[in-house]
Amino acid sequence: MMDFLADAKRIEPEIVKTRRTLHQHPELAYHEEATARLVAERLDALGIKVKKGVGGTGVLGTLKGGKKGRVVALRADMDGLPVQEMADVEFRSKVDGAMHACGHDTHVAMLLGAARILAENRDQLHGTIKFLFQPAEEHGGRGGAMPMIEEGVMKDPKVDYVFGLHIDSTRKSGEFGVREGAIMAAPDRFTVKVIGRGGHGSAPHETVDPIYIAAHVILSLQGVSSRMINPIRPFVISVGAVHSGTKENIIPDVATLEGTIRTLDEATRKLAKKKVEEVARGVCKTFGASAEVEFEKDAYPVTVNDPKATEKAVRVLKRLPGMKIKHIEAILGGEDFSRFLQKAPGTFYFLGTDNPAKGCVYPNHSSKFKVDEDVLKYGAASLAMLAYEFGNPKGPA
Ligand SMILES: [Zn+2]
Ligand SMILES: [Zn+2]
């Protein structure tokens, strides 16, 4: 039996160093050029077959094991966020206005660590392991997973199982968060354009005031969640941006609302989108305005963990000494790992990094987000174990 945690502990300094290098040089969605170069060089040095420029800046690594078996894919996202870093670390971002505030630097470092562990044990491996380093998870819409899938990363050979890991500030260091079924939401961005007729602020009766009507739309939209969707189905709607007007005594022609809805199943998602559109149009009509309602094309689907694969994965993760497994609630954030899960069964799981003693208390996406680097070896070992166990045609036991 191989001891992947011992291997991960041995290469821990390298995993942390790689993470810090990436952390200092964050790149935003679709611009992960230097990151992709680093990934490709490292994989190449391990004797892993590398394909660059997959779906933009994506990198595909393919490692054949010494024994026959299944095809397992492991994924890391590579992009940073447009955040000015304020974290209390000496390896702070060197790029003005960009930061690895979601911890994708740790994902890349952990997956490169797993790649090294697996490559050094290749004779013992069953089947084929594909390493998916994807761009633009934070972008939304087409993101980075979709273009990589379009370029065939889940085919030839066809992927049997796929796994992805996310670092998580809401979970204690030393914990994995797992869930069977829907684990993350479909994030549907929408725009409502309220088209009225502008004029003088002193004579509103001669106008159709889009700001007044937009206020009604905002309030009424909350009725979709409280009155129109089955309350046992999670659904949330938030309006996060309101744009209109230039001066206090001018009634403008148009007001634009931007918001997001989050759902955990496709039926509720479809119904919610229909109701949002109906309510927005209906309210606008009531007050004499018209509405243009648009939803983002290609929004991420619900991230659905295959129950059987997840159950098996949990059995594998339980063998990692020093880590606890927590069965968690779904999270209403979005993830384009969902797209890989539409092509092959697998699971998306979380690695906790909350550690007040080390000042690791700020949430993902915060300018002060700080990772407990001591957990990275567990993440790397877990990915390697999943690839090894699921690659075995008889496994995982
Ligand atoms: Zn994020
Ligand atoms: Zn993320």
Side-chain angles (χ1 to χ4, degrees), residues 19 22-23 26-32 35-36 39 56-58 74-87 93 95 97-112 132-146 148 162-171 176-179 182-189 236 238 240 260 262 296 299-303 305 328 330-341 346-354 360-373 375-376 379-380 382-383:
R19 185 263 161 158
L22 294 167
H23 193 83
E27 295 172 297
L28 300 182
Y30 300 122
H31 297 280
E32 304 90 340
T35 308
V39 165
T57 53
L74 303 173
R75 172 270 208 172
D77 39 11
M78 303 191 287
D79 52 329
L81 281 164
V83 172
Q84 185 68 39
E85 176 154 19
M86 305 294 279
S93 168
V95 183
M99 175 189 177
H100 268 296
C102 201
H104 297 183
D105 51 343
T106 69
H107 302 170
V108 174
M110 288 188 285
L111 187 52
L112 284 173
L132 310 173
F133 290 89
Q134 81 152 76
E137 189 285 322
E138 299 285 0
H139 188 272
R142 281 177 56 74
M146 191 185 240
M148 286 190 88
V162 63
F163 298 98
L165 173 62
H166 206 299
I167 198 102
D168 180 4
S169 63
T170 66
R171 203 142 298 295
F176 284 122
V178 300
R179 182 178 175 83
I183 187 166
M184 293 191 77
D188 285 296
R189 189 178 352 174
V236 70
S238 293
T260 184
R262 305 293 168 113
E296 181 182 31
Y300 295 174
V302 181
T303 304
N305 284 339
I328 62 170
I331 294 161
L332 293 183
E335 235 310 329
D336 71 345
F337 188 73
S338 50
R339 298 207 199 276
F340 295 118
L341 284 172
T347 209
F348 188 65
Y349 61 110
F350 291 97
L351 173 63
T353 177
D354 172 57
C360 305
V361 293
Y362 298 98
N364 292 61
H365 286 213
S366 158
S367 62
K368 294 183 174 176
F369 179 62
K370 187 177 167 186
V371 167
D372 178 1
E373 292 176 324
V375 305
L376 302 183
S382 70
L383 290 165

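In listed order, ligands and their atoms are each counted from 1.
Not a single donor-acceptor pair under 3.5 Å links the side chain of E32 to the backbone N or O of E27. Using a distance-only test at 3.5 Å, with no hydrogens or angles considered, a donor-acceptor pair links the side chain of Q84 to the main chain of G97.
Nearest N/O/S atom of H365 with respect to the Zn ion (ligand 1) is recorded as NE2.
Looking at R75 and E335, a side-chain N of the basic residue comes within less than 4.0 Å of a carboxylate O on the acidic one, giving a salt bridge. Salt bridge annotation for R171-D354: absent, with no cationic side-chain nitrogen under 4.0 angstrom from a carboxylate oxygen.
In summary, of the residues considered (T170, I328, V178, L165), a side chain to side chain contact (heavy atoms under 4.5 Å, CB included) with F350 occurs for I328 alone. Checking each of I167, L81, V83 against F369 for a side chain to side chain contact (heavy atoms under 4.5 Å, CB included) leaves exactly one that passes, namely I167.
Taking a cut-off of 2.8 Å, the protein N, O or S atoms nearer than that to the Zn ion (ligand 2) are C102 SG, H104 NE2, H166 NE2.
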